[in-house]
Amino acid sequence: VYQLNQCEDMLKININLGKKELLIIAIALCVVAISISVFQCSSFRSDFEITDELGGNIFPSAILSVATTDAQVVQPSDSVYVGNPKSCISVRLKSRSQYTRVRIDVAETPFFSRSVSEFVLEKSRTEYTVYPDIIWNYEALKGAEQATPISIAIHVEVDGKSLGQKVRTFSVRSINECLLGYVSNGTNFHDTGIFFAAYVNEDNPMIDKLLREALNTRIVNRFLGYQSARPEAVDKQVYALWNVLQKRKFRYSSVSNTSLSSNVVYSQRVRTFDDALESSQINCVDGSVLIASLLRAINIDPILVRTPGHMFVGYYTDSSHKNKEFLETTMIGDVDLDDFFPDEQLDSTMVGKSQNQMSLITFEKSKEYANKKYAQNKKGIHSGKLNYMFLEISKDVRRKIQPIAK
């Protein structure tokens, strides 16, 4: 009987130990499950950030020039993106499952209206760059005469759950700032010199007035473009435009710097067609885009040529583009020719010359000087290297970059 009682007590103890072990195992499993859940949540951000490729800068000239084309202002650095990158403003977040639904609400600013965009992120557990629709106020962009800060507020929902609202301050640059290039991923430089074409404005209504002034000089009777097969006839039309600009007494002004201070994005100040005519001031870039605008208007194909720290304009003298000439546009203004040809003492030969005689001399000397500069820098100009450019304002370029106006 005693042994039977001992066996019964031992059996009770073993049963009690089994229950405790089971409880411990159950608790351990719960801890593991909770840990896995916490890890999964922490490994994928449940928030978002407002991002862009241009260091918090918005360039009205770039946005206006591609508004009606398929070109992009910048190329997204992230390969996984949805939406239209043309706006440059984006939201970065991670999806948690396949076909995650995202709703982005962008608040109104003086430069664009409120917009709501919805997207589906097909891949699970993937970081996306999402570009919401931006409904630009194009008139406000045209009127941006100096850099202006704006606060952009964005609210995001993921699968119906709000991630809250975030605000980031951007700088809307002046309409006169041309985007030259930007750096992505810290080291990759992207040349955007094509945006100089935005300042070539062959549609400006003032052009008709200038062409009438040029015809009144009787240098040419008509502007025929390439209808005359003779290169000298094309040259004569270009000189008529040069002559009428000189009569407007332009002055050289080297203003080109902007207030932009960044190691991500680079720009240069450029006067629009209207600004140049109103102020009668030009630098090498202003003069080049001004002449190029007039050449495009009379169906002569212009070229913008850029070397480090300088720009001049070229043009084809035949429709087949076999021959070309170049002009140093800073010589349109009241310049000292001895600065360009110090060995020829040209200024002394200008005494007693009429305005038309002086204009023709400076035109020919402008071609001589610019053709020499082109020959000296030809290899670099066609190399695609930084600070060099050979940009034909062609139909192909116009399919990407449209002219802007104030």
Side-chain angles (χ1 to χ4, degrees), residues 59 61-62 65 174-181 189-202 204 238 241-242 245-246 250-258 260 266-277 279-296 300-316 324-333 335 339-340 362-363 365-394 397-398 400-401 403-404:
F59 287 85
S61 59
S65 65
S174 165
I175 187 72
N176 295 105
E177 289 188 57
C178 179
L179 177 63
L180 299 182
F189 181 80
H190 303 268
D191 192 326
T192 57
I194 191 173
F195 285 117
F196 279 118
Y199 295 89
V200 178
N201 186 6
E202 61 269 33
N204 192 285
V238 178
L241 299 176
W242 175 277
L245 289 177
Q246 283 201 315
F250 278 90
R251 293 292 182 267
Y252 177 75
S253 172
S254 64
V255 175
S256 61
N257 291 334
T258 75
L260 182 64
Y266 303 90
S267 68
Q268 177 170 334
R269 182 175 177 82
V270 183
R271 292 181 178 91
T272 63
F273 194 98
D274 297 281
D275 289 337
L277 288 182
S279 66
S280 292
Q281 296 183 74
I282 55 173
N283 59 27
C284 61
V285 178
D286 305 330
S288 295
V289 299
L290 181 64
I291 288 281
S293 300
L294 293 168
L295 293 177
R296 281 280 298 177
I300 293 176
D301 299 327
I303 310 159
L304 296 180
V305 183
R306 187 176 172 218
T307 59
H310 190 54
M311 180 181 285
F312 52 96
V313 68
Y315 57 95
Y316 290 103
K324 51 187 174 289
E325 293 282 357
F326 299 93
L327 290 171
E328 174 56 49
T329 57
T330 59
M331 293 174 68
I332 293 174
V335 296
D339 291 340
F340 295 90
T362 57
F363 178 70
K365 284 298 181 181
S366 169
K367 288 198 300 179
E368 180 183 339
Y369 185 83
N371 284 330
K372 181 179 178 181
K373 287 297 180 183
Y374 175 74
Q376 291 173 342
N377 294 276
K378 185 175 181 179
K379 185 176 180 180
I381 288 168
H382 293 276
S383 68
K385 292 181 180 179
L386 182 64
N387 294 323
Y388 287 95
M389 182 180 74
F390 185 88
L391 180 62
E392 299 177 5
I393 311 300
S394 61
V397 167
R398 275 291 173 251
K400 300 174 184 176
I401 307 296
I404 61 174

Flag side-chain contact, heavy atom, 4.5 Å: [X] against [Y]:
X	Y	value
Leu241	Leu294	yes
Ile393	Arg398	yes
Asn201	Ile404	no
Arg306	Phe312	no
Met389	Leu304	yes
Ile303	Tyr315	no
Ile175	Tyr199	no

Got a second to check how far [X]'s [atom1] is from [Y]'s [atom2], nearest 0.5 Å?
X	Y	atom1	atom2	value
Phe250	Thr329	CZ	OG1	11.0 Å
Leu277	Leu245	CG	CG	7.5 Å
Ile282	Asp275	CD1	CG	13.0 Å
His382	Asn377	NE2	CG	10.5 Å
Lys365	Phe363	NZ	CZ	13.5 Å

Is it true that a side-chain atom of [X] and a backbone atom of [Y] form a donor plus acceptor pair closer than 3.5 Å?
X	Y	value
Ser61	Glu177	yes
Asn176	Val270	yes
Asp286	Arg271	yes
Ser267	Leu179	no

Where do [X] and [Y] come nearest, in terms of heavy atoms and distance?
X	Y	value
Lys367	Leu327	CG-CD2, 3.4 Å
Met331	Trp242	O-CZ2, 3.7 Å
Val289	Phe196	CG1-O, 4.1 Å
Leu295	Gly314	CD1-O, 4.3 Å

Please walk me through it: do Glu328 and Thr330 pass side chain to side chain donor-acceptor pair (under 3.5 Å)? CA-CA 6 Å; Glu328 174 56 49; Thr330 59; 2.5 Å; yes

Is atom NZ of Lys324 surrounded by more than 12 heavy atoms (other residues, nucleotides or ligands) closer than 6.0 Å?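 Yes - once you tally the heavy atoms of other residues, nucleotides and ligands closer than 6.0 Å, there are more than 12.
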
Please check if any side-chain donor atom of Gln246 sits under 3.5 Å from a side-chain acceptor atom of Thr362, or the reverse.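 Present: a donor and an acceptor within the cut-off.
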
Donor-acceptor side-chain pairing of Glu325 and Tyr316 below 3.5 angstrom: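 No, Tyr316 and Glu325 have no side-chain donor paired with an acceptor closer than 3.5 Å.
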
With Val305 as reference, evaluate Val313, Leu391, Ile381 under the side chain to side chain contact (heavy atoms under 4.5 Å, CB included) test and give the passing residue.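 Going through Val313, Leu391, Ile381 one by one, the side chain to side chain contact (heavy atoms under 4.5 Å, CB included) with Val305 is satisfied by Ile381 alone.
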
List in chain and number order the residues that pass salt bridge (charged side-chain N to carboxylate O under 4.0 Å, His left out) with Asp301, two or more places apart in sequence or in another chain; answer none if no residue qualifies.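 Not a single residue meets the salt bridge (charged side-chain N to carboxylate O under 4.0 Å, His left out) criterion with Asp301.
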
Residues two or more places apart in sequence or in another chain: which of them pass salt bridge (charged side-chain N to carboxylate O under 4.0 Å, His left out) with Arg296?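 Result, salt bridge (charged side-chain N to carboxylate O under 4.0 Å, His left out) vs Arg296: Glu202.
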
Going through the distances and angles, do Lys400 and Ile194 end up as a side-chain contact (heavy atoms from CB on, under 4.5 Å)? CA-CA 9 Å; Lys400 300 174 184 176; Ile194 191 173; 4.3 Å; yes

Mind checking what makes ring pair (Phe, Tyr, Trp, His ring centres under 6.0 Å) contact with Tyr266, not counting sequence neighbours?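 Tyr266: no ring pair (Phe, Tyr, Trp, His ring centres under 6.0 Å) contacts found.
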
Would you please classify the geometry between the Tyr374 ring and the Phe326 ring as parallel, tilted or perpendicular, with 30° and 60° separating the classes?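 Answer is parallel, since the angle falls under 30°.
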
